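The structure displayed is predicted, hence computed values, not measured ones.
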Amino acid sequence: MDGVTTAGGGVRARARILARHRAPGGTFLPVLESDGPLALRRTRAGGDEARVVLVGAMSGPLGGDRFEVEAEVDTGARLRVQSAAATLALPGQSKSEARYDVRVRVADRAELCWLPEPLISVRGSDLRVRTDVDVAPGGRLVLREEQVLGRAGEEPGRLVSRLTVRTGGLCVLDQEVACGPGAPGGWDGPAVLAGHRAVGQVVVVRPEFGERPVAAGRIGDLCVVMPLAGPAALVSAVAADGLRLRRLLDEGLAAIG
């Protein structure tokens, strides 16, 4: 399917994944739909885990674009979603902001690993990202978000990113980060990014965390591991660049076990 051009000149594109359990073992994908700049590709499964790669078929998101990605993991299914390359938020002919909305649902006894490559905020771009996650009791999740502010030696565009995670209907995380031109003052100051140009987090939801919460800790000076108010934990880090950010997040995830 082709993306639809909006009245403001941007492109509207949608991708949808539905993963279901197949007895006696394994996961199949009865729904794998995408259009325009969003292209989903099934890859070789790993055991009973289905795997999907999101491929950027075109540049973007550009100013005025509206991208939506939905993933639902049904009871007993296991799904891993990755991306083929970093996502570049770019300026476009439209002066309006671009939007990238991700909605994720994980059922009881289901598991999702959501591990895209970084989002890079290019100079002159204006992007609002919204990630909304619901995990049922007994569901499991690993979700990574990484944002890099500008390419090498470049000032960033405007980026507003909000992440909301609920487990069993309880909100365990609701945070928003705004960076770049037009963001509230102090975003680059010592209380937020302190001059660093990469920021990210990994959210881990596991039923056993309800009985045995993750211990809070630090990975050096730029990464922390924190228990959340529910069966969940958060690894949060800042770094000078995307490569160092990934290393910190990986170390934090390894510390959780």
Minimum heavy-atom distance between A98 and P61, given as atom pair plus value
CB-CB, 4.1 Å
Suppose we screen for side chain to side chain contact (heavy atoms under 4.5 Å, CB included). Which residues come up paired with P207, at least two apart in sequence or across chains?
R140
Around atom CZ of R123, are there more than 12 heavy atoms from other residues, nucleotides or ligands closer than 6.0 Å?
no
Atom CD of E211 with >12 non-hydrogen neighbours under 6.0 angstrom
no
Taken in chain and number order and not counting sequence neighbours, the residues that satisfy side chain to side chain donor-acceptor pair (under 3.5 Å) with R206 are none
Restricting to pairs with a member in residues 189-225, which pass ring pair (Phe, Tyr, Trp, His ring centres under 6.0 Å), not counting sequence neighbours?
none
Side chain to side chain contact (heavy atoms under 4.5 Å, CB included) filter on R99, not counting sequence neighbours, yields R66, E97, D101, R128
Does T167 reach the main-chain N or O of V135 with its side chain, forming a donor-acceptor pair under 3.5 Å?
no
Salt bridge present between D241 and R244 (N-O < 4.0 angstrom)
yes
Would a 4.5 Å heavy-atom cut-off, applied to side chains only, mark C179 and Q147 as touching?
no
Residue pair V11 / L62, side-chain heavy-atom distance below 4.5 Å
no
Under the criterion side-chain contact (heavy atoms from CB on, under 4.5 Å), I'd like the reasoning laid out for W114 against V102: C-alpha separation, chi angles, the key distance, then a yes or no.
CA-CA 11 Å; W114 187 271; V102 176; 3.6 Å; yes
Under the salt bridge (charged side-chain N to carboxylate O under 4.0 Å, His left out) rule, what pairs show up with a residue in residues 36-48, not counting sequence neighbours?
D48-R78
Which pairs with one or both residues in residues 215-231 pass side-chain hydrogen bond (donor to acceptor under 3.5 Å, both in side chains), sequence neighbours excluded?
R218-D221
Residues at least two apart in sequence or cross-chain that pass side chain to side chain contact (heavy atoms under 4.5 Å, CB included) with E251, listed by chain then number, are I219
Find out whether V73 and E111 are in side-chain contact, i.e. whether some heavy atom of one side chain is under 4.5 Å from a heavy atom of the other.
no
Does E49 come within less than 4.0 Å of R80, counting only side-chain N to carboxylate O?
yes
Salt-bridged, E72 to R105, with N to O below 4.0 Å?
no
Hey, are E70 and R14 close enough for a salt bridge, meaning a charged N less than 4.0 Å from a carboxylate O?
yes
Where at least one partner belongs to residues 224-237, residue pairs that pass salt bridge (charged side-chain N to carboxylate O under 4.0 Å, His left out), sequence neighbours excluded
none
Test of understanding: with side chain to side chain donor-acceptor pair (under 3.5 Å), list the residues that count as partners of R166, not counting sequence neighbours.
D132, D134
Do the non-hydrogen side-chain atoms of V69 and Y100 ever get within less than 4.5 Å of each other?
yes
According to the salt bridge (charged side-chain N to carboxylate O under 4.0 Å, His left out) rule, which pairs have a member within residues 228-239, sequence neighbours left out?
none
Kindly state each residue pair satisfying side-chain hydrogen bond (donor to acceptor under 3.5 Å, both in side chains) with at least one member in residues 172-195, sequence neighbours excluded.
R162-D174, T164-D174, Q175-Q201, D188-R197
Non-neighbouring partners of E117 that pass side chain to side chain donor-acceptor pair (under 3.5 Å), sequence neighbours left out
R246
Check the pair L40, V81 against side-chain contact (heavy atoms from CB on, under 4.5 Å), reporting the backbone distance first and the verdict last.
CA-CA 10 Å; L40 297 173; V81 179; 5.8 Å; no
